[in-house]
Chemist: 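Dumping the structure here so I can ask a few things about it.
Reckoned from all heavy atoms, side chains included, excluding hydrogens, waters and symmetry mates.
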Amino acid sequence: EQLCVMLTGTKESLMKVFSATPSNSSSPPWTSLSSNLILPPSHKCELNYTIELLSFDPLIFYVNNFMSEDEVKHVLEVSKDEWYAACVAYSDDGVASSKRAPDAFDAQVASLSPDDTVAKCLSTRMLSLLGNVQHEATESIRLVKYTSGDRFRLHTDRYETSVQPGTLDAHFGLDYGGHPHNRLLSSMVYLDDDCVGGETYFPDVTGVGPRADGTKFSRGETGGLLVKPRRGNAVFWNNFHLNGTGDDRLYHASLPVKSGTKVRE
Ligand SMILES: O=C(O)CCC(=O)C(=O)O
Ligand SMILES: [Fe+2]
């Protein structure tokens, strides 16, 4: 079984994460997840969060307290035995490589069952936050864990729509066209933030000003926006221009974790 994750780019370092195979089972990774280990289904989903705009154009916003501490603990608990290495292919010259490219996306991944109490809560919360721009659905929740040296190189989160349904991408063999929707918005919540490094980096976005809360976000030394992992907080961004074309200003990376562990969903 394969868990396919599509993240594509056309910049210098075109890379695609095309599949990840659980090392310890032949069944889909979510079947063995034990849910509700900490929080019962009666868990109250309402939560007070606050929003800070990081950029108008492209739209990037930051959400304080998007997940409660209990919810973070629950997710870390139910996923604790579910991690497996991400399998990655990438290409600098448009030629696909089926070899694992450990320096492209070095991290472990896990999935959260769609029936999990907190997963359901998060989907509801995301749709409610998006209000009138909400589209049909949220994707299932995927977790990524970075330990020392792990990183995720520059990429965008959308996939190319030029591939027609039923045909396969020439390089990566994926039927992008079979996807009913592209990824309009990306969202990411930081869970474990006990690390040095591991910032989410948007090199082409004007960073925040010097008065911004540097414990949450800052401007990179050579420009760009840096968002630091802060447990329970989230960042959202729009992957497209209003005319529907992909917005290349949203290239981003997860900078190497120098020490400790970063987990995000
Ligand atoms: O972990 C991060 O900071 C970025 C992750 C990311 O860009 C992704 O999973 O698409
Ligand atoms: Fe990404």
Chemist: L122 versus M67: any side-chain heavy-atom pair under 4.5 Å?
Modeler: yes
Chemist: With Y146, which residues qualify under ring pair (Phe, Tyr, Trp, His ring centres under 6.0 Å), at least two apart?
Modeler: none
Chemist: Show me, pair by pair, the donor-acceptor contacts under 3.5 angstrom made by side chains of residues 258-265, not counting sequence neighbours?
Modeler:
from, atom 1, to, atom 2, distance (Å)
K262, NZ, G198, O, 2.8
K262, NZ, S254, OG, 2.7

Chemist: With a 4.5 Å limit on heavy-atom distance, are the side chains of H74 and D116 in contact?
Modeler: yes
Chemist: How long is the gap from CG on D157 to OG on S187, to the nearest 0.5 Å?
Modeler: 9.5 Å
Chemist: Spell out, yes or no, whether L130 and V235 are grouped together once hydrophobic residues are joined by side-chain heavy atoms under 4.5 Å, including indirect joins.
Modeler: no
Chemist: Would you name the heavy atoms of F66 and L47 that are closest together and state the gap between them?
Modeler: O-CD2, 3.4 Å
Chemist: Side chain to side chain contact (heavy atoms under 4.5 Å, CB included) with N48: which residues, sequence neighbours excluded?
Modeler: none
Chemist: Restricting to pairs with a member in residues 229-242, which pass salt bridge (charged side-chain N to carboxylate O under 4.0 Å, His left out), not counting sequence neighbours?
Modeler: E69-R231
Chemist: Please identify each residue that fulfils side chain to side chain donor-acceptor pair (under 3.5 Å) with S123, with sequence neighbours left out.
Modeler: T138
Chemist: Quick one: which residue pairs count as a salt bridge (charged side-chain N to carboxylate O under 4.0 Å, His left out) with a foot in residues 118-130, not counting sequence neighbours?
Modeler: E71-R125
Chemist: Please list, chain by chain and in numerical order, all residues satisfying side chain to side chain donor-acceptor pair (under 3.5 Å) with D247, sequence neighbours excluded.
Modeler: R249
Chemist: Begin with the C-alpha distance, continue with both residues' side-chain angles, and end with the deciding distance and a verdict on side chain to side chain contact (heavy atoms under 4.5 Å, CB included) for V75 and L112.
Modeler: CA-CA 8 Å; V75 170; L112 207 54; 4.0 Å; yes
Chemist: Quick one: CG on L185 to CD on E139, what's the gap to the nearest 0.5 Å?
Modeler: 10.5 Å
Chemist: Given a cutoff of under 4.5 Å between side-chain heavy atoms of I, L, V, M, F, W and Y, with clusters grown through shared members, what are the other residues clustered with L226?
Modeler: Y201, L255
Chemist: Once side chain to side chain donor-acceptor pair (under 3.5 Å) is applied, do any residues pair with N64, and if so which ones, sequence neighbours excluded?
Modeler: T50, E52, K216
Chemist: Taking all non-hydrogen atoms of both residues, which atom of H155 and which atom of R153 are closest, and how far apart?
Modeler: ND1-O, 2.8 Å
Chemist: Give me the one residue out of V78, L39, D70 that meets side-chain contact (heavy atoms from CB on, under 4.5 Å) with V118.
Modeler: L39
Chemist: Does a donor on one side chain sit under 3.5 Å from an acceptor on the other, for H252 and D204?
Modeler: no
Chemist: Just wondering, do E82 and S111 contact through their side chains at under 4.5 Å, heavy atoms?
Modeler: no
Chemist: Starting from L191, can I reach V63 by hopping between I/L/V/M/F/W/Y residues whose side chains sit under 4.5 Å apart?
Modeler: yes
Chemist: Would you say V257 ends up clustered with V144 if hydrophobic residues are merged whenever their side chains have heavy atoms under 4.5 Å apart, either directly or through other cluster members?
Modeler: yes
Chemist: Establish whether M188 and L154 are linked, either directly or via other cluster members, by ILVMFWY side-chain heavy-atom contacts under 4.5 Å.
Modeler: no
Chemist: Checking side-chain polar atoms at under 3.5 Å, does N239 have a donor or acceptor matched by the opposite partner on S186?
Modeler: yes
Chemist: Do you know the tightest heavy-atom contact between G149 and P256?
Modeler: O-CB, 4.5 Å
Chemist: Please enumerate all residues that pass side chain to side chain donor-acceptor pair (under 3.5 Å) together with S218, with sequence neighbours excluded.
Modeler: none
Chemist: Would you say that N233 contacts Y49 through its side chain, given a criterion of any heavy-atom pair below 4.5 Å between the two side chains?
Modeler: no
Chemist: If the condition is ring pair (Phe, Tyr, Trp, His ring centres under 6.0 Å), which residues does F217 pass it with, not counting sequence neighbours?
Modeler: Y62
Chemist: Is it the case that over 12 heavy atoms from other parts of the model lie below 6.0 angstrom from the CG atom of L53?
Modeler: yes
Chemist: Is there a side-chain contact between V227 and Y190, using heavy atoms and a 4.5 Å cut-off?
Modeler: yes
Chemist: For R219 and G207, work out which heavy atoms get closest and say how close.
Modeler: NH2-O, 3.2 Å
Chemist: Can you check side chain to side chain contact (heavy atoms under 4.5 Å, CB included) on V189 and V72, steps first, answer last?
Modeler: CA-CA 9 Å; V189 193; V72 170; 5.8 Å; no
Chemist: Which is it for L250 and F240 under the side chain to side chain contact (heavy atoms under 4.5 Å, CB included) test, yes or no, and what are the steps along the way?
Modeler: CA-CA 9 Å; L250 272 312; F240 293 89; over 6 Å; no
Chemist: So, K228 side chain and G214 main chain: donor-acceptor pair closer than 3.5 Å or not?
Modeler: yes
Chemist: Under a 4.5 Å cut-off applied to non-hydrogen side-chain atoms, are V205 and P58 in contact?
Modeler: yes
Chemist: May I have the step-by-step check of ring pair (Phe, Tyr, Trp, His ring centres under 6.0 Å) for W237 and F61, ending in yes or no?
Modeler: CA-CA 6 Å; W237 65 89; F61 58 93; 9.9 Å; no
Chemist: Report yes if the side chains of F236 and L59 come closer than 4.5 Å at any heavy-atom pair, otherwise no.
Modeler: no
Chemist: Any idea which heavy atoms bring H241 and G246 closest together, and the distance?
Modeler: CD2-O, 3.3 Å
Chemist: Return the minimal non-hydrogen interatomic distance between S79 and L143, and the atom names on each side.
Modeler: CB-CD1, 3.4 Å
Chemist: Checking C195 now: which residues fulfil disulfide bond (SG atoms under 2.5 Å apart) with it, not counting sequence neighbours?
Modeler: none
